[in-house]
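Down below is the structure, laid out as structure tokens.
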Amino acid sequence: MSSQPAAPAKLDAAVLKIAGVVVLGAIMSILDVTVVSVALPTFQTEFDASYARVAWTMTGYTLALATVIPLTGWAADRFGTKRLYMAALVLFTLGSGLCATADSIGQLIGFRVLQGLGGGMLMPLGMTIMTRAAGPERIGRLMAVLGIPMLLGPIGGPILGGWLIDVASWHWIFLINLPIGVVALAYAQWALPKDAPEPSESFDFVGMLMLSPGLALFLYGVSSLPETGAFADRKVWLPMLVGGLLVVSFVVYSFKPRHPLLDLRLLRDRNLTVASVTMAVFMVAFMGAGLLFPSYFLQVRGESTLDAGLLMAPQGIGAMVTMPIAGMLADKIPVGRTVPFALVLIAAGFFAFTQVGTDTSYLLLCGSLFVMGLGMGGTMMPIMTSALKTLTNHEVARGSTLLNILQQIAGSVGSAIMSVILTSKLNDAPVIPGAVDPNTGAPVTEAGLAIAVKQNPDLAQQFPVDPGLLQRGLEFVADSFATTFWVGFALVLVTFVPAFFLPRRRQVSHLLDDEQAPAPVLIH
């Protein structure tokens with residue numbers, strides 16, 4: 001215990017060198033999700049496919065992540081983090097190159113799955129590498145470094161994607177990963193310490209047959225919610241039910257084998273359990289909001305994809321201000337004393353969006369996003385630091401895997417909840433008598449027409465429409481967003497409940513207590 005106060009106060013060059021590798025991989029993985037999201041309309045045009053079809057470029061990637069993440073903890077122990085991390089980089093980069101060559105939507109979806117298999121391993125492996133490298137007293141500061149791409153990805157992605165599509169073509173949202181991947185591979189070979197993998201543990205095939213398909217099926221059902229709009233649809237409830245049963249079966253089974261695929265025994269650690277629940281609830285609200293904010297700027301205010309991304313920038317700036325500070329504080333002050341204050345900032349910023357209309361001041365909205373970013377920078381990484389800090393060196397890979405699975409599930413659920421609520425509200429819009437969509441044959445609503453005209457003003461000249469009708473439709477859309485934002489605001493408030501149980505006393509780290517694992521090696 002006496003060695004803890006003597007721990008270095010700052011991150012030295014050797015640790016930052018390792019952090020650079022992990023951040024580079026995280027940027028590739030996280031940016032790719034958000035960059036592709038802005039390209040969906042382009043895919044519809046290029047491949048002459050429906051939105052439901054091209055959305056599988058996102059869903060397939062997500063399902064691949066869910067499938068491979070549970071394997072990461074075992075594979076890291078078996079093969080070593082350096083070898084596995086470099087293999088994940090190769091798989092992700094190869095998948096990116098193949099995506100750029102796709103000449104059909106089916107090929108693109110298949111290549112996105114391959115890309116997701118590599119991307120799914122990058123984040124949990126990165127967390128493991130950085131946690132081991134930092135040592136017990138510097139986890140907070142190092143996790144703050146990793147948090148930068150996690151918070152800025154949803155903001156920078158739309159800006160980068162919109163710009164690349166405007167100045168080049170959709171192919172470049174994938175091609176840009178090739179030089180980054182090559183640099184990341186060379187950097188990883190140079191910077192990461194040589195592997196010293198643990199003695200081989202038996203692989204849990206039974207657990208894999210339950211957990212990986214279970215997560216994939218459950219998330220498939222959740223991802224189908226926005227398309228169908230109802231839980232009663234068989235495409236939603238059936239895979240969710242089967243997937244949920246498989247996951248529950250795994251939970252019951254996982255306490256029997258000595259080395260389960262996902263070690264739920266770690267949840268006996270109170271700090272890990274509380275931090276995991278807090279993180280899950282926070283991610284439901286955060287990911288759902290991340291979907292709604294740019295959609296409001298696009299559909300209600302008629303902004304371009306690039307401008308909508310730029311309007312989201314204040315959130316990232318706010319996160320950049322507080323994240324390094326929060327990282328240092330997490331190493332010195334119990335997170336239970338700091339995270340609630342950060343959540344207050346998020347709630348305050350979020351509340352402004354519950355009042356949005358058709359002409360709400362951009363100064364107010366951008367200021368609210370900045371305040372929200374301040375709170376987010378002080379929330380995510382301190383919670384993850386608290387979760388990992390009391391694990392032994394040998395448990396870090398398994399704990400990182402568990403946290404990433406929870407984040408993936410919570411993020412997908414949050415996005416689906418917000419999409420369903422917004423879609424359901426918009427479907428209640430008044431129908432324009434006699435108006436029919438020429439492509440689908442469905443009745444046209446005032447809200448649907450208002451969105452179409454706002455995004456393409458030329459339609460108002462080609463098909464003259466009563467301005468009063470358009471204004472009513474636009475107001476209905478704005479009100480629908482405000483209602484959905486109220487749900488997100490409520491979810492942020494719910495996060496205060498588990499956050500209340502976060503540790504309020506300084507945690508004693510056990511990262512160096514596991515005699516089976518060597519002390520962190522920074523340079524080899």
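Worth saying up front: this structure is predicted, and the values here are computed from it rather than measured.
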task = Check whether any side-chain heavy atom of Val356 lies under 4.5 Å from a side-chain heavy atom of Val300, and answer yes or no.
result = no
Test: Lys425 cationic atom under 6.0 Å from Phe476 six-membered ring centre, within 45° of axis = yes
query = Taking side chain as C-beta onward, heavy atoms only, is Val335 less than 4.5 Å from Ile383?
reply = no
ask   = Hey, does Met372 have a side-chain heavy atom less than 4.5 Å from the side chain of Val492?
value = no
inquiry  = Classify the ring geometry of Phe489 against Trp486: parallel below 30°, tilted from 30° to 60°, perpendicular beyond 60°.
reply    = perpendicular
ask   = Is any side-chain heavy atom of Met210 less than 4.5 Å from a side-chain heavy atom of Ser254?
value = no
message = Within this structure, what is the CG-CG distance for the pair Leu122 and Leu84, rounded to the nearest 0.5 Å?
response = 9.5 Å
query = At what distance, to the nearest 0.5 angstrom, does CE of Met240 lie from CG of Leu245?
reply = 11.5 Å
request  = Please check if atom OH in Tyr362 has more than 12 non-hydrogen atoms from other residues, nucleotides or ligands closer than 6.0 Å.
outcome  = yes
request  = Would you check, one step at a time, whether the test side-chain contact (heavy atoms from CB on, under 4.5 Å) holds for Gln355 with Phe485?
outcome  = CA-CA 9 Å; Gln355 310 299 310; Phe485 282 130; over 6 Å; no
Distance-minimising heavy-atom pair for Thr358 and Arg301 = O-NE, 3.3 Å
task = Answer yes or no: is there a side-chain heavy-atom contact under 4.5 Å between Phe92 and Met121?
result = no
message = Do Thr278 and Phe501 make a side-chain contact, defined as non-hydrogen atoms from C-beta onward lying under 4.5 Å apart?
response = no
message = Once you measure the plane-to-plane angle for Phe293 and Phe353, does it fall in the parallel (<30°), tilted (30-60°) or perpendicular (>60°) bin?
response = tilted
task = Working to the nearest 0.5 Å, report the span between CE of Met279 and OG1 of Thr379.
result = 9.0 Å
ask   = Are side-chain heavy atoms of Asp307 and Phe297 found at a separation under 4.5 Å?
value = no
query = Under 4.5 Å between any side-chain heavy atoms of Phe341 and Leu345, yes or no?
reply = no
key: Nearest heavy-atom neighbours spanning Gly25 and Leu89   = CA-CD2, 4.3 Å
